[in-house]
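Notes follow once the structure below has been shown.
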There are 2 protein chains.
Amino acid sequence: MKLSTRSRYGTRMVLDMAKHYNEGPIQIGEIAQRVNVSVKYLEQLIIPLKKADYVKSVRGPKGGHMLKKAPNETTIGEIVNVLEGGINLSECVENPDVCDKSKDCLARGIWEGATKAMYDKLNSMTLSEMIECDKRV
Amino acid sequence: MKLSTRSRYGTRMVLDMAKHYNEGPIQIGEIAQRVNVSVKYLEQLIIPLKKADYVKSVRGPKGGHMLKKAPNETTIGEIVNVLEGGINLSECVENPDVCDKSKDCLARGIWEGATKAMYDKLNSMTLSEMIECDKRV
DNA sequence: CATATTCTATATTATTTTAGTAGGTATTTA
DNA sequence: TAAATACCTACTAAAATAATATAGAATATG
């Protein structure tokens, strides 16, 4: 149950934006270079982040992208949730109707519990906490 | 980061075996019917479970498969681990060398923490506890 | 010991998801 | 108006997943 590169690369990108918060729009080419992912791929990842209101963009020369909310108001879990399209180990956790046995499924309860544990962990750290944590090293 | 059907179907199968522990070998056709997965697919899933010493099999008429260890000696996490080929959200958690930035990667720490939370949860319940839990309902 | 039954092994195919690329369009600044 | 930048749509390639098919090997039982 690996995270897709969407989440992993997207998280790198968002952390990069967080590092440069309050420096105005950052061009995607710059970010791509720093996080070592192609511009074209990052462009795709920005779309859902904009829709979910985590990123805003400015067009034209001197344009670019930036976080819409302060880094201490967003957790890693929120970002992963957007990029991964939901955080859960099995479809039935979110939508019990996909299986007619969901109601008394032995396994479903476990997937639900493990999903929650993971989710809580991912939501326990904000972007700014991660960056601060990094500076101390 | 969904579990594959391997883990989900395989878990159903193992739980079925656990329910019939001490009833001698259970034929895979029976199990397939009860858990609603094709015989052929389950046959594939049994292979790694045998290699990892969780299942033993008997050939010939009246043959079948059964758990090698008692249901209270095996956790769901162990089964998922075998079927999924390791439990971790990112390759770098298990094998830091896949990325030359692992050592001071902001994201890696988070993947590691969330992986552990999930892992602990999955290992917190044995097969027999799950079945007991079911009976009470 | 013959045979039916069951697991075992290998190969193949189809489907879906993931990852990545390409090229053109819209907007804005200077 | 020209250049820089984000935005949009479509496409392709590769990998992983899911599932099926066929033939082989072991063994209990009559």
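Everything quoted here is computed from the prediction, not taken from an experiment. Reminder, nothing fancy here: chain letters follow the sequence lines and each chain counts from 1.
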Scan [X] against the nucleic acid and name what it touches under 4.0 Å (heavy atoms): base, sugar-phosphate only, or nothing.
X	result
B:I47	nothing
B:K50	sugar-phosphate
B:G29	nothing

Task: Residue mapping more 5' on DNA chain C - nearest nucleotide basis, A:Y41 or B:I46 - done: B:I46

Task: Residue whose closest nucleotide on DNA chain C lies nearer the 5' end, A:Y9 versus A:V58 - done: A:Y9

Take atom [atom1] of [X] and atom [atom2] of [N], then tell me their distance rounded to the nearest Å.
X	N	atom1	atom2	value
A:E43	D:dA10	CD	P	16 Å
A:K40	D:dT5	NZ	C1'	12 Å
B:L45	C:dT8	CG	C1'	14 Å
A:Q27	D:dA3	CD	P	17 Å
A:L83	C:dT18	CG	C1'	14 Å
B:I26	C:dC7	CD1	P	10 Å
B:K62	D:dT29	NZ	P	7 Å
A:I28	D:dC7	CD1	P	8 Å

Task: Base C:dT10 paired with B:Q44 side chain (donor-acceptor, <3.5 Å) - done: no

Are there more than 12 heavy atoms of other residues, nucleotides or ligands under 6.0 Å from atom [atom1] of [X]?
X	atom1	value
A:K50	NZ	yes
A:K69	NZ	yes
A:Q33	CD	no

TODO: Decide whether A:T5 and A:Y41 meet the rule of one side-chain donor and one side-chain acceptor closer than 3.5 Å.
DONE: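 A pair is found: one side chain offers a donor N or O, the other an acceptor, under 3.5 Å apart.
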
Open item on the list: If we count only N and O atoms by modelled type, under 3.5 Å, do the side chains of A:N72 and A:T126 hold a donor and an acceptor together?
Closed with: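 Their side chains do not contain a donor-acceptor pair, so the 3.5 Å distance test is not met.
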
Hey, is the side chain of [X] poking within less than 4.0 Å of OP1 or OP2 on [N], counting only N and O atoms?
X	N	answer
A:H65	D:dC7	yes
A:S4	C:dT18	no
A:S57	D:dT5	no

- [ ] Report the residue (A:P61 or B:T5) whose heavy-atom-nearest nucleotide on DNA chain D is the more 5′ of the two.
- [x]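 Result of the comparison: A:P61.
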
Task: Out of D:dC7, D:dG24, C:dA19, whichever nucleotide has its closest atom nearest the side chain of A:R59 - done: D:dC7

